Amino acid sequence: MMSKCLLEREFFTRNTLQVAREILGAQLVRVVDGERLSGIIIEVEAYQGEQDLGCHASAGLTPRTQVMYGPSGYAYVYFTYGMHWMLNFVTEGEGVPAAILIRSLVPVEGLGYIAMQRVGRPRAEWTNGPAKLCKAFNITGAENGMDICRLGGPIWVERNHTIPDSSVTNSPRVGLNKVPEPWKSIPWRFRVSNEFFLD
DNA sequence: AGCACGATTAACT
DNA sequence: GTTAATCGTGCTC
């Protein structure tokens, strides 16, 4: 098997839309309790800058958003709805608050651990949502600010599939119902077509 | 100190 | 299709 290649900081220190598009098909790796969990990233969203009114950084530099203002390749993990954690990777250069939200994975390794975290739910719903995958991979505020460009850290990303443009769809970001246009409808959600994995 | 709301999910009718 | 759950965050008083 071809050796896996860690996504380096240079990968993340680029335009957020480019990072979002190109991370599709990569493999998110999580080591927890000495066990290796992983999944293929099949859906992400881009959040870029203070002017993006869908982005938390539209509130400026605050305790919550400070990780997004730092260098790329770090985890921005936040808590919402009183119960859910969300995983993002910081993009762009230092001082530019931007990130990609990881929204959906296809589980690959650690299926037993994941099944325990998602007990009672069908396999198809283990990691098909941003809060679901955090629960499945036991990702919480403890991972906020962690370096994801380091093998042996709590989370990193490896190159895997290359997804052709014909298998990628764009659409508006989810859950921004109260955000004004054009931010509400701008197509900054990137998803791998279901057909890609039927090969 | 109080308020409104959230980059969601699961369980309802 | 609708809605409860549940609390951190940022804003206003």
Side-chain angles (χ1 to χ4, degrees), chain A residues 12 15-24 26 28 30 39 41-70 72-92 96-107 113-146 148 155 157 168-192:
Chain A
F12 296 98
N15 173 275
T16 306
L17 298 179
Q18 200 171 357
V19 175
R21 165 64 182 85
E22 292 185 21
I23 205 169
L24 293 175
L28 174 69
R30 160 80 167 142
I41 298 170
I42 61 165
E43 183 181 339
V44 300
E45 286 174 355
Y47 291 86
Q48 38 178 354
E50 295 178 342
Q51 71 281 5
D52 173 6
L53 296 183
C55 181
H56 292 161
S58 61
L61 178 57
T62 67
R64 180 168 72 155
T65 63
Q66 67 169 341
V67 176
M68 275 199 285
Y69 283 80
S72 74
Y74 287 79
Y76 167 45
V77 183
Y78 70 88
F79 186 66
T80 192
Y81 292 105
M83 63 195 90
H84 300 308
W85 295 100
M86 305 278 174
L87 172 66
N88 300 253
F89 297 146
V90 176
T91 59
E92 309 273 354
V96 179
I100 55 170
L101 171 69
I102 308 302
R103 288 193 59 87
S104 189
L105 304 175
V106 175
Y113 184 99
I114 293 169
M116 290 294 289
Q117 290 291 297
R118 302 285 295 142
V119 62
R121 276 83 183 182
R123 177 169 179 159
E125 294 173 17
W126 282 352
T127 57
N128 66 334
K132 296 178 190 178
L133 68 90
C134 284
K135 175 61 179 165
F137 280 43
N138 196 18
I139 293 166
T140 70
E143 280 65 57
N144 188 42
M146 293 287 194
I148 58 163
I155 299 170
V157 186
V168 175
T169 57
N170 289 76
S171 53
R173 296 172 294 182
V174 178
L176 303 188
N177 297 310
K178 207 160 177 279
V179 171
E181 300 290 359
W183 313 109
K184 177 177 171 178
S185 298
I186 199 165
W188 286 353
R189 178 189 190 202
F190 298 78
R191 190 177 169 83
V192 179

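These numbers come from a predicted model, not from an experiment. Atoms considered below: every heavy atom in the structure, side chains included; atoms not considered: hydrogens, waters and symmetry mates.
- Side chain of A/Tyr69 to main chain of A/Leu61: a donor-acceptor pair is present (N/O by atom type, distance under 3.5 Å, no hydrogens or angles).
- Remark: A/Gln18 engages no residue in a side chain to side chain donor-acceptor pair (under 3.5 Å) (not counting sequence neighbours).
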Under a 3.5 Å cutoff on both atom distances, Watson-Crick or G-U, what's the dot-bracket for DNA chain B ([ ] crossing, | other strand)? ||||||.|||||.

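- At least one donor-acceptor pair closer than 3.5 Å links the side chain of A/Glu143 to the backbone N or O of A/Thr140.
- Residues passing the side chain to side chain contact (heavy atoms under 4.5 Å, CB included) test with A/Ser72, sequence neighbours excluded: A/Arg9, A/Phe12, A/Thr13.
- Salt bridge present: A/Arg189 and A/Glu43 bring a charged side-chain N and a carboxylate O closer than 4.0 Å.
- Counting heavy atoms from C-beta on, the side chains of A/Thr16 and A/Tyr47 never come closer than 4.5 Å.
- The only member of A/Asn170, A/Ile42, A/Val168 that meets side chain to side chain contact (heavy atoms under 4.5 Å, CB included) when paired with A/Arg191 is A/Ile42.
- Nucleotides of DNA chain C lying under 4.0 Å from heavy atoms of chain A occupy a range whose first and last members, 5' to 3', are C/dA5 to C/dG10.
- Distance noted for atom C1' between B/dA7 and C/dG1: 23 Å (whole Å).
- Between A/Met146 and A/Ile155, the closest side-chain pair of non-hydrogen atoms is not below 4.5 Å.
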Would you mind building the protein contact string for nucleotides 5-13 of chain B? One character per nucleotide, 5' to 3', B for base within reach (heavy atoms under 4.0 Å), S for sugar-phosphate only, - for untouched. SBBBSS---

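- With 3.5 Å as the limit, one finds no donor-acceptor pair spanning the side chains of A/Glu50 and A/Ser58.
- Shown here are the side chain to side chain contact (heavy atoms under 4.5 Å, CB included) partners of A/Ala20, two or more places apart in sequence or in another chain: A/Val44, A/Ala46, A/Ile100, A/Phe190.
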